[in-house]
Amino acid sequence: MPTTESGKPAIVLFRYDLRLADNRALHAASESGKPVIPVFVWDEQTSPHARPLGGARKWWLHHSLNALSATMKARGATLVLKRGKTEAIVDGLIDETGADLVLWNRRYDPQGVEVDTGLKAELARRNVMAESFEGHLLHEPYALRTASGGYYRVYTPFWRALAGQPEPRDPVAAPIGLKSWHGEIASETLDDWNLLPKHPDWSKGFTDWTPGEEAAHQRLADFLDGAIGHYSRERDRPDIEATSRLSPHLVHGEITPVQIWHALKAPKLRDHGADVAKFRREMAWREFCYHLLFHNPALHTENFNASFNAFHWNDRQDHFDAWKQGKTGYPIVDAGMRQLWQTGWMHNRVRMIVASFLIKHLLIDWRKGEEWFWDTLVDADPANNAAGWQWVAGTGADAAPYFRIFNPILQGEKFDPKGDYVRTFVPELAALPGKYLNQPWTAPQRVLDDAGIMLGETYPHPIVDHRSARRRALGAYAETR
DNA sequence: AGGGTATTCAT
DNA sequence: TGAATACCC
């Protein structure tokens with residue numbers, strides 16, 4: 001559009017796409033030559049099914065909005081904050097500013113789609129232009145279809161289909177000069193939103209993280225300079241820095257998978273083809289989960305495989321509490337749960353172990369675990385979290401077979417061979433020799449004494465016995481088949 | 001992206 | 001007798 005066409009402003013809606021680069025809506029607004037009004041809309045009200053943001057993500061959102069706001073300010077623009085129903089907010093802004101164009105990046109969670117579909121209809125009714133753009137996936141969900149027109153329910157064919165797609169679009173640069181709207185617009189303030197945790201101690205351990213677009217790209221650069229070199233071999237090792245840790249940046253849209261995909265083509269990675277390929281496959285899991293969510297709005301509340309609906313879950317609160325607090329008596333499980341609470345994040349391998357433990361050893365409903373993760377993970381993702389839990393539970397798409405029950409002792413020994421991870425997050429076991437580290441209850445009394453451990457006092461006895469819990473789970477699952 | 005156990009195989 | 005293998009859960 002020519003820059004002279006209209007002095008009327010364009011509204012750019014920000015949701016969880018807190019970035020300037022590869023932001024197609026912002027880019028198009030800027031290209032239009034119109035003055036731009038950037039608005040972050042926090043809408044948990046339009047859709048009755050909207051899921052309120054968890055605590056850890058609220059912490060992240062607070063800091064990420066601060067970062068985005070500052071970057072915008074440096075470019076002469078002001079980020080407006082609004083909370084409430086999207087349509088009402090946009091209507092109000094149009095009335096206030098005379099805006100005749102609204103732009104946003106598409107979302108793929110069903111509640112987001114619902115809100116944006118409603119908005120589009122409202123704008124059409126008002127005769128205001130609306131434009132939506134490809135959002136935070138490599139490919140639009142409707143672009144990948146099985147031969148029979150359905151969506152993929154199995155990962156491997158999904159991966160083949162994705163790998164057979166044309167390269168994802170090129171990322172777009174951050175707009176060079178943002179022509180901002182200079183009228184006064186009432187904005188809410190971050191302080192009003194009370195995003196930071198009420199228990200201030202909680203987020204004290206979130207020191208590994210720097211929310212915001214700049215930090216996201218720094219994280220990617222660090223990963224490509226370092227850990228990706230041994231990604232394929234070490235990605236399952238929670239004691240080693242071998243993963244990208246990009247997930248919280250991705251879920252807040254500070255960086256896009258498209259940017260990452262293209263960054264993986266850097267010449268310096270030429271000798272790491274296997275690692276890059278492995279990482280791309282993990283990116284494809286994220287994509288796969290979003291496809292599942294797109295087609296299954298209740299992915300976090302309903303068994304994907306309905307034959308599990310009759311399954312009888314255990315509701316022992318004391319077991320659930322022990323799990324949440326990292327006091328199950330199984331060191332690798334407890335280390336994971338404490339890493340989660342202390343840092344807002346947990347290594348993926350350990351997520352599978354603790355989830356398997358909750359579901360199979362304790363027979364507690366996967367939804368309860370999913371909710372806890374939703375509240376405590378800085379990367380809590382509507383698609384990955386729900387699909388991941390269902391995968392472990394055996395209720396999900398392409399799920400782990402029901403009889404696959406992780407042995408927390410063997411998993412600890414295999415993936416934390418030196419015990420560094422357990423010793424970091426379960427310090428009361430730090431002096432225990434590796435031989436007993438994942439099964440302290442088998443250590444001779446003298447060894448426990450030497451390590452300063454009193455089972456039942458300084459570290460709990462196992463809350464369930466592995467062998468009998470395993471048998472119980474197999475029996476319970478067999479009944480539902 | 002597993003575990004447990006019986007059986008076979010290789011010293 | 002311990003390491004691979006097979007096979008079921």
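Proteins come first, then strands; the chains are lettered A, B, ... in the order of their sequence lines, and each starts at number 1. These figures come from a predicted structure and were not determined experimentally.
Between A:Asn407 and B:dG2 there is no side-chain N or O to OP1 or OP2 distance below 4.0 Å. Between A:Arg404 and C:dC8 there is no side-chain polar atom (N or O) within less than 4.0 angstrom of OP1 or OP2. Between B:dG3 and A:His466, no contact under 4.0 Å exists linking OP1 or OP2 to a side-chain N or O. In this model, the phosphate group of B:dG2 is approached by a side-chain N or O of A:Arg349 to a distance below 4.0 Å at OP1 or OP2.
In this structure, the ring of A:Phe294 has its center no less than 6.0 angstrom from the ring center of A:Tyr151. With ring centers used as reference points, A:Trp60 lies under 6.0 Å from A:His252. Note: A:Trp59 and A:Trp209 fail the aromatic proximity criterion, with ring centroids not under 6.0 Å apart.
Straight-line distance from the OH atom of A:Tyr477 to the P atom of B:dG3: 16 Å, rounded to whole Å. Distance A:Tyr330 OH to B:dG3 C1': 14 Å, rounded to the nearest Å. Regarding A:Leu474, its CG atom lies at a distance of 11 Å from the P atom of B:dT5, rounded to whole Å. Rounded to whole Å, atom P of B:dG3 lies 15 Å from atom CZ of A:Phe357. Nucleotide B:dG4 holds its P atom 13 Å from the NZ atom of A:Lys360, rounded to whole Å. Atom pair A:Arg467:CZ and C:dC9:P shows a separation of 17 Å (rounding to whole Å applied). For A:Tyr402 and C:dC8, the OH to P distance is 13 Å, given to the nearest whole Å. When the P atom of B:dG3 is taken as reference, atom CZ of A:Phe415 falls 8 Å away, rounded to whole Å.
In this structure, A:Arg470 reaches the bases: a heavy-atom distance under 4.0 Å links it to at least one base atom across the strands shown.
In this structure, A:Phe373 CZ and A:Asn385 CG are separated by 7.0 Å, a value rounded to the nearest 0.5 Å.
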